[in-house]
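Below is one structure, written out as structure tokens, with a few remarks after it.
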Amino acid sequence: SQQGEEDPQALSIQEGENATMNCSYKTSINNLQWYRQNSGRGLVHLILIRSNEREKHSGRLRVTLDTSKKSSSLLITASRAADTASYFCATVLYGNNRLAFGKGNQVVVIP
Amino acid sequence: EPEVTQTPSHQVTQMGQEVILRCVPISNHLYFYWYRQILGQKVEFLVSFYNNEISEKSEIFDDQFSVERPDGSNFTLKIRSTKLEDSAMYFCASMWGGGKNIQYFGAGTRLSVL
């Protein structure tokens with residue numbers, strides 16, 4: 001089944017730096033979404049990018065989608081300590097609504 | 001802001017016992033989901049529910065699992081006879097379905113099967 005795969009798995013950066021995470025998938029998708037999970041908490045939706053879109057912005061977040069390479073990236077600019085969390089990409093296929101999650105990237109922002 | 005609530009936050013049970021995990025989705029949402037996350041692994045889809053019936057289920061969702069929306073506000077996941085490997089964080093999610101395709105997740109129930 002379709003699943004996202006993030007790379008790298010863990011990232012440690014200084015506050016103010018940018019953090020970039022990548023995600024790849026295997027088949028055609030309807031959309032791709034990024035979620036954040038703080039330790040021991042639920043998943044919080046960050047941004048959705050549709051298959052016909054190439055780039056989206058939301059505040060300090062920038063997501064790109066390359067359907068020819070079947071990959072997406074999430075960029076967090078000017079990171080803050082509060083951005084420390086795990087970030088997951090999830091794909092949605094045409095015809096259903098199930099989210100297929102990747103393994104997640106753990107991001108630690110050092111104050 | 002409306003949110004999905006799940007109870008209990010932590011459930012401990014003996015192997016072979018039945019458990020019911022409860023969720024209150026966001027009130028005007030029409031689609032409901034259960035996912036689970038075994039410690040250190042991916043979040044996995046279990047089941048989706050729409051119009052009072054299961055619309056899709058994964059291979060994980062076998063005969064030991066069932067879902068119900070008994071009263072128009074709660075959405076429950078029942079595991080009939082728990083196994084050690086059912087130990088995981090279980091997340092409920094709901095979605096309006098009017099085109100935004102965004103699922104809102106609860107904080108999860110940690111199920112520990114001993």
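In the text below, chain A, chain B and the rest are named by the order of the sequence lines, each starting its count at 1.
For the pair Y87(A) and I76(A), the minimum side-chain heavy-atom distance is below 4.5 Å.
Ranking Q103(B), R110(B), Q37(B) against chain A, the residue ahead of the rest is Q103(B), based on heavy-atom pairs under 4.5 Å. Contact count versus chain A (heavy atoms, under 4.5 Å) is highest, among Y33(B), Y31(B), Y104(B), for Y33(B).
Between F75(B) and F49(B), the ring-plane angle classifies as tilted under the 30° and 60° cut-offs. Aromatic ring orientation, F88(A) versus F101(A): perpendicular (interplanar angle above 60°, classes split at 30° and 60°).
Contact of Q41(B) with chain A is not made at all, since no heavy-atom distance falls under 4.5 Å. Proximity to chain A is limited to the side chain of E56(B), based on heavy atoms less than 4.5 angstrom apart. At a 4.5 Å heavy-atom cutoff, Y50(B) makes no contact with chain A through either its backbone or its side chain. Of the atoms belonging to N31(A), it is side-chain heavy atoms, and not backbone ones, that fall under 4.5 Å from chain B. For a residue to count as touching a neighbouring chain, one of its non-hydrogen atoms must lie under 4.5 Å from one of that chain's; by this rule L48(A) touches chain B with the side chain only.
Counting all heavy atoms, side chain and backbone alike, R62(A) lies closest to T64(A) at NH2-CG2, 3.6 Å.
If you take CG on L46(B) and CZ on F91(B), they are separated by 11.5 Å, rounding to the nearest 0.5 Å. Here T109(B) contributes atom OG1 and I20(B) contributes atom CD1; the two are 12.5 Å apart, rounded to the nearest 0.5 Å.
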